[in-house]
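All remarks here apply to the structure that follows.
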Amino acid sequence: MLRRFFTYYMPHKKLFLLDFSSAVFVAVLELGFPLAVQWFIDALLPNSDWPAIVSVSIGLLLLYIFSTFLQYVVNYWGHKLGINIETDMRQQLFQHVQKQSFKFFDNTKTGHIMSRITNDLFDIGELAHHGPEDLFIAVMTFVGAFWIMLSINVQLALVTIFIVPFLVWIIVFSNIRMNRAWQQMYSEIADVNGRVEDSVSGVRVVQSFTNEEYEIGRFKKNNRKFRKAKLLGYKTMAFSSSGIYMMTRVMTLAVLVFGAWLSFNNRLSYGELVGFVLYVNILFKPVEKIAAILELYPKGMAGFKRFTELIDVEPDVKDAKDAIEVGTLRGDIQFSDVSFSYDHSKPVLEGIDLSIRAGETVAFVGPSGAGKTTICSLIPRFYDVEAGSISIDGIDVRDMSKKSLRSQIGIVQQDVFLFTGTLKENIAYGMLDATDEQIEEAAKRAHLEKFIEGLPDGYETQIGERGLKLSGGQKQRIAIARMFLKNPPILILDEATSALDTETEMIIQNALNELAKNRTTLIIAHRLATIRNADRIVVVTEDGIAEQGGHDELIERGGIFANLHRVQFQR
Ligand code: ADP
Ligand code: MG
């Protein structure tokens with residue numbers, strides 16, 4: 001895990017070396033300071049050697065100015081290093097999530113993903129900056145200080161070292177507890193995020209059921225759990241820092257008293273006593289520093305662990321090694337003995353055989369939950385088949401690159417997702433580099449023109465989050481305009497007009513008919529009137545494809561379709 005963490009330093013090697021060497025230099029200077037004081041008191045003061053005092057002071061001053069500059073480097077560039085690593089990881093995670101397949105999103109809460117990408121990485125930057133650097137300096141300072149202390153007075157040094165095991169105990173003990181607390185905290189904040197995401201995107205449902213109090217109650221529960229976890233972390237932190245504080249002060253006093261006694265017996269000079277007391281404080285600094293790292297470490301590592309968990313999720317739909325970049329497809333679609341299930345238990349499709357000719361319009365009808373949407377989701381590989389195969393123009397879709405395959409398929413669904421931004425941007429989502437003319441042309445063909453002309457800001461009109469200010473029919477037309485821009489040879493209309501009133505549906509239907517021209521079109525429809533013109537109708541039931549044929553042919557046959565038709569048209 002640690003090794004993996006360090007790989008993230010590689011792109012920032014120079015920054016790391018700059019920061020690290022500056023920090024080491026500052027530490028060395030700190031280590032030398034008590035020696036200088038000791039020498040000052042014992043050698044320079046008694047002789048009243050004024051010129052020497054002045055020149056030594058000037059030398060020290062210059063060193064300190066340099067060291068101040070280096071401290072600036074450590075504080076600014078060191079943190080820059082940390083932040084760079086943090087943003088690298090965040091970027092990587094976002095990219096990784098974008099590549100995940102539908103199954104991943106079916107099984108992962110949006111709030112949890114958001115949490116991973118934002119909060120979980122907050123402490124990584126600090127750890128990345130302080131971790132290795134402080135650890136090295138702490139060890140170096142500790143060893144250096146103790147070595148100098150031994151050389152000043154062995155007995156006094158041994159008295160000092162006596163306290164160290166107690167310190168270590170406090171640190172290790174609290175570290176374990178903190179580790180647990182921070183992991184818990186991250187998991188709780190993910191739940192809090194999940195709640196926020198749910199109740200905000202579902203706010204219309206919440207309010208129409210007047211379930212605000214219920215939601216508030218649920219949120220409170222999660223929020224409290226978060227508070228508890230974080231509080232436990234801080235409690236442990238407070239315990240450990242108080243403990244460390246007390247030990248260091250007691251130790252300083254002990255050294256002072258024992259040192260005084262040694263000094264009365266002429267075994268220690270005043271300069272040595274002062275120097276020693278200064279070293280005691282220097283000796284404890286690295287211990288405190290290590291404690292601080294140990295505090296930072298579990299926090300950062302808890303986040304890093306959650307980061308790697310997500311990074312290690314391989315998308316289950318991905319490009320084959322030598323995936324084919326298909327150009328423009330004709331649109332001959334062939335399902336051969338296709339079986340599929342969402343969770344490997346209950347099969348949704350079993351042994352589906354179906355061929356669709358290029359340019360054909362095929363309508364899928366049947367009860368809801370039968371698997372119509374599922375059939376269509378398999379073509380662009382939103383999910384991969386479990387058995388059998390799907391090919392387009394004779395090439396298995398699994399051999400094509402996802403990007404080139406999906407560029408050939410357009411999908412219009414019942415729910416149209418609009419992004420925050422302008423109307424123009426939303427239409428251009430079908431072709432990111434579309435010119436203004438192309439966008440206007442697409443809007444015209446989608447019968448959006450009049451609507452857009454009526455808007456004060458026209459194409460630049462801002463669409464609220466999820467386009468709430470637009471009606472279903474308007475959103476649907478934006479989706480159609482996107483398709484005109486994308487211009488794919490294969491088109492899937494999944495209940496595109498099901499949510500619309502009959503009048504709006506007629507207008508949209510015209511636009512859709514225009515869109516479907518010269519494309520292989522798969523229409524899933526609820527209302528049978530919308531599929532009258534289909535070349536072929538495929539009736540899907542829970543047992544698979546029950547019957548297929550032309551509209552009149554199926555009515556004559558008197559099967560399931562004829563039944564559905566009777567129910568819808570002759571009450
Ligand atoms: P239709 O479009 O004909 O109404 P679907 O293809 O949406 O039917 O669904 C077929 C079956 O698969 C249903 O039983 C449905 O519950 C299930 N299903 C659909 N989508 C998912 C999913 N993302 N995860 C798990 N099960 C699903
Ligand atoms: Mg469906």
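Just so you know, these numbers use all the heavy atoms, side chains as well, and skip hydrogens, waters and symmetry mates. Atoms within each ligand, like the ligands themselves, are counted from 1 in listed order.
Contact check on K424 versus D436 returns a salt bridge, with a Lys/Arg side-chain nitrogen under 4.0 Å from an Asp/Glu carboxylate oxygen. Ion pair D319/K402 not flagged as a salt bridge, since none of the NZ, NE, NH1 or NH2 atoms sits closer than 4.0 Å to an Asp/Glu carboxylate oxygen. Taking 4.0 Å as the cut-off between side-chain N and carboxylate O, E440 and K444 do not count as a salt-bridged pair.
The contact set between ligand 1 and S368, taken as ligand atoms under 4.0 Å from a residue heavy atom, comprises 4 (O). Close contacts of ligand 1 with V348, meaning ligand atoms under 4.0 Å from a residue heavy atom, involve 10 (C), 11 (C), 12 (O). Interface atoms of ligand 1 facing K346, defined by a heavy-atom separation under 4.0 Å, are 14 (O).
Between the side chain of S407 and the main chain of L405, no donor-acceptor pair closer than 3.5 Å is present.
Contacts of T373 with ligand 1, taken as heavy-atom pairs under 4.0 Å, involve both backbone and side chain. Counting heavy atoms under 4.0 Å from ligand 1, residue H526 does not touch it at all. Counting heavy atoms closer than 4.0 Å to ligand 1, residue F364 contributes nothing at all. Here T374 has heavy atoms under 4.0 Å from ligand 1 in both its backbone and its side chain.
The presence of a protein heavy atom under 4.0 Å from atom 25 (C) of ligand 1 is confirmed. Counting only heavy atoms, the protein never gets under 4.0 Å from atom 16 (O) of ligand 1.
When the options H96, R116, Q92, R4 are evaluated for a side-chain contact (heavy atoms from CB on, under 4.5 Å) with F307, the one that passes is Q92. Of the listed residues (V538, I411, I379, L491), just one forms a side-chain contact (heavy atoms from CB on, under 4.5 Å) with L522, and that residue is I379.
None of the N, O or S atoms belonging to S368 lies under 2.8 Å away from the Mg ion (ligand 2).
Below 30°, between 30° and 60°, or above 60°: for H565 and H551 the angle between ring planes is above 60°, a perpendicular geometry.
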- Show the numbers, then the answer: is there a side chain to side chain donor-acceptor pair (under 3.5 Å) between S471 and Q474? CA-CA 5 Å; S471 74; Q474 287 155 351; 3.2 Å; yes

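Within the 4.0 Å heavy-atom shell around ligand 1 one finds Y383. Ligand 1 does not have K103 within reach: every non-hydrogen atom of the residue lies 4.0 Å or more from it.
Scanning the protein for heavy atoms near atom 10 (C) of ligand 1, the closest one is G369 O, 3.4 Å. For atom 18 (N) of ligand 1, the nearest protein heavy atom (residue, atom name, distance) is Y342 CE1, 3.3 Å. Summary of contacts: the protein heavy atom closest to atom 23 (N) of ligand 1 is D106 OD2, 3.0 Å.
The N/O atoms of G371, backbone and side chain alike, include one that comes under 3.5 Å of an N/O atom in ligand 1.
Within 6.0 Å of NZ on K305 lie no more than 12 heavy atoms contributed by other residues, nucleotides or ligands.
The closest side-chain donor-acceptor pair between T373 and D494 falls under 3.5 angstrom.
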